[in-house]
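Everything on this sheet refers to the single structure shown next.
Bear in mind the structure is a predicted one, so any value in this text is a computation, not a measurement.
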There are 2 protein chains.
Amino acid sequence: MLELAILGFLYDAPLHGYLLRKQIAALTGHVRPVPESTLYPAIKRLEKAGLLARATEPGSVAAPRHVLTLTEEGRRELRRRLAEPAQRDITDENRWFTVLAFLRHLDDPRAQAAVLRRRLAFLEEPASFFYDGDRPLRAEELGDPFRRGILTIARATSRAELTWLRDTLASLDDTGH
Amino acid sequence: MLELAILGFLYDAPLHGYLLRKQIAALTGHVRPVPESTLYPAIKRLEKAGLLARATEPGSVAAPRHVLTLTEEGRRELRRRLAEPAQRDITDENRWFTVLAFLRHLDDPRAQAAVLRRRLAFLEEPASFFYDGDRPLRAEELGDPFRRGILTIARATSRAELTWLRDTLASLDDTGH
DNA sequence: GGAGAATACATCGGTTACGAGGTATACGTG
DNA sequence: CACGTATACCTCGTAACCGATGTATTCTCC
């Protein structure tokens, strides 16, 4: 997820680590902090894998910067990760939002639509958080107000997302002729 | 988060690992899988920390079971984790839902309300995913349909949760006299 | 000119996650 | 009686996470 965000931001423009961190923090930082001790090792991993290159520049404000640029392989890898996300990236909202944040980098509307359809299929599965045996329980059946909250919130999210997904898929189908 | 779920389920009744896994999978498995290779080491950690005890029972269906029971310290620890969740547990929806799933185990309505108020404070902060400099961008200002989706979905979630939070806080205040 | 904040990068060590693989029993079906 | 599936637990190795800590520069404000 972190790696996807790094690749996603660098796809637009080269950045140095510090600025990259600001951007990732703006995207997901309020939900999940971005410790430098997670970011810098991740950058190293991607560099080692040949997905990005670094160039040292004299710092314009402070210490020297390492400007990070995606290699051609890195650009391919981002598109690959966006076109074929792991199942976790589809089901986990945190990860899914990261995919969505960069999905525009896939140039083919049909490829974009295919990804949205995977999320649609996931949301359309009858899944709950609480069961009576095999039968999913509805919010109204729960005595516990906190568990009722979970279902209420999840249902509102799901509804909004389904509406958006169907609308967006329709307009992608128009674009993709 | 996994540890919280283990403690939470065992708080109600002793369970063996396999059944515990089923329960956790029902709660969060559709979003995030629960590999056995994560669960069993987690059980061991909690056992080593003195939070739970295991008793071997002849398996009623197959191999022998390890029935897990919370110790008194384990029960205290669950209540402590519920009463004083880490900030991550408040901001990350996955973690937050796990807290909510077991919040009823806090017996004091005022303690429950205090936790909900932390979430309320987080949701009331003006936070976005996308910025123009320092100014948060609204969904309507985004050209990218996918990023617009993120904001649309997040806004729907936030609205539903705020309504639920305020209602629930009001009724907790009644209960808590 | 001293303090504090922001910029900029990095390592270390402990913890957690998890895919791949292994072991064994019991039950139903053909 | 072989095969598949469900039950039930486990280890190993690699990767990833992240708090604490360290280093150095520049800018602002008093």
Side-chain angles (χ1 to χ4, degrees), chain A residues 1-7 14-26 28-29 31-49 51-52 54-68 81 86-89 91-92 94-95 98 133-134, chain B residues 1-7 14-26 28-29 31-49 51-52 54-68 81 86-89 91-92 94-95 98 133-134:
Chain A
M1 212 187 77
L2 178 60
E3 292 187 0
L4 190 66
I6 295 172
L7 296 175
L15 290 170
H16 57 276
Y18 193 81
L19 241 187
L20 181 58
R21 183 166 175 246
K22 293 268 162 162
Q23 301 218 20
I24 298 177
T28 59
V31 167
R32 183 196 171 112
V34 190
E36 299 187 354
S37 50
T38 305
L39 177 65
Y40 286 114
I43 291 173
K44 281 211 168 161
R45 278 203 301 279
L46 296 175
E47 190 188 7
K48 204 174 153 194
L51 305 183
L52 59 82
R54 78 173 72 196
T56 306
E57 256 188 20
S60 65
V61 188
R65 297 162 165 179
H66 291 181
V67 176
L68 310 169
R81 291 193 194 199
Q87 193 55 21
R88 294 271 305 270
D89 296 332
T91 61
D92 185 326
N94 290 170
R95 289 166 171 267
T98 308
D134 274 345
Chain B
M1 213 184 75
L2 178 60
E3 293 187 0
L4 190 66
I6 296 173
L7 296 174
L15 291 170
H16 58 276
Y18 194 79
L19 241 186
L20 181 58
R21 180 163 177 249
K22 292 266 162 163
Q23 301 219 20
I24 298 177
T28 59
V31 167
R32 184 197 169 110
V34 190
E36 299 187 352
S37 52
T38 306
L39 178 65
Y40 285 113
I43 290 172
K44 283 213 165 158
R45 278 202 301 279
L46 296 175
E47 190 189 8
K48 203 174 154 196
L51 304 183
L52 59 83
R54 78 172 72 195
T56 305
E57 256 187 22
S60 65
V61 188
R65 297 163 165 176
H66 292 179
V67 176
L68 310 168
R81 291 193 194 198
Q87 192 55 22
R88 295 272 304 272
D89 297 331
T91 61
D92 184 327
N94 289 171
R95 289 165 171 266
T98 308
D134 274 345

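Near-neighbour residues of DNA chain C inside residues 14-22 of chain A, defined by a heavy atom below 4.0 Å, number-ordered: A:His16, A:Gly17, A:Tyr18, A:Lys22.
The interatomic distance linking B:Tyr40 (OH) with D:dC10 (C1') rounds to 8 Å, in whole Å. In this structure, CG of B:Asn94 is placed 16 Å from C1' of D:dC17, rounded to the nearest angstrom. At whole-Å resolution of the value, NZ in A:Lys48 and C1' in D:dA16 are 13 Å apart. Between the P atom of C:dC18 and the CE atom of B:Met1 lies a distance of 9 Å, rounded to the nearest Å. Rounded to whole angstrom, the span from the CD atom of B:Gln23 across to the P atom of D:dT7 amounts to 13 Å. Here C:dA26 presents its C1' atom at 12 Å from CZ of B:Arg65, a figure rounded to the nearest Å. Following rounding to the nearest Å, A:His66 (NE2) and C:dT7 (P) show an atom-to-atom distance of 18 Å. The distance between atom CG of A:Leu39 and atom P of C:dC9, rounded to the nearest whole Å, is 9 Å.
You'll find the side chain of A:Pro64 stays beyond 4.5 Å of the side chain of A:Glu57, heavy atoms only. Counting heavy atoms from C-beta on, the side chains of B:Thr91 and B:Gln87 come closer than 4.5 Å. For the pair B:Asp92/A:Asn94, a side-chain contact is recorded, criterion being any heavy-atom separation below 4.5 Å from C-beta on. Inter-residue side-chain proximity for B:Ile43 and B:Ile6 is flagged as met; some heavy-atom pair is nearer than 4.5 Å.
The base of D:dC9 lies close enough to the side chain of B:Glu36 for a donor and an acceptor atom to sit less than 3.5 Å apart.
OP1 and OP2 of D:dC17 both lie 4.0 Å or more from every side-chain N or O belonging to B:Arg88. Contact annotation: A:Arg45 side-chain N/O to D:dA15 OP1/OP2 distance is not under 4.0 Å. The phosphate of C:dA10 has neither OP1 nor OP2 within less than 4.0 Å of any side-chain N or O from A:Lys44.
Across D:dA8, D:dC18, D:dC17, the shortest atom-to-atom separation from the side chain of A:Pro35 is found for D:dC18. Distances were taken from every side-chain heavy atom of B:Ser37 (C-beta onward) to each of D:dC10, D:dT11, C:dA17; the shortest belongs to D:dT11.
Shortest non-hydrogen contact noted between B:Arg21 and B:Val34 is NE-O, 2.9 Å. Across all their heavy atoms, B:Gly17 and B:Leu39 have their closest contact at O-CD2, 3.8 Å. Contact between B:Tyr40 and B:Tyr18 at its shortest, heavy atoms only, is OH-N, 4.0 Å.
Mapping B:Ile43 and A:Glu3 onto DNA chain D via the closest heavy atom, the residue that lands nearer the 5' end is B:Ile43.
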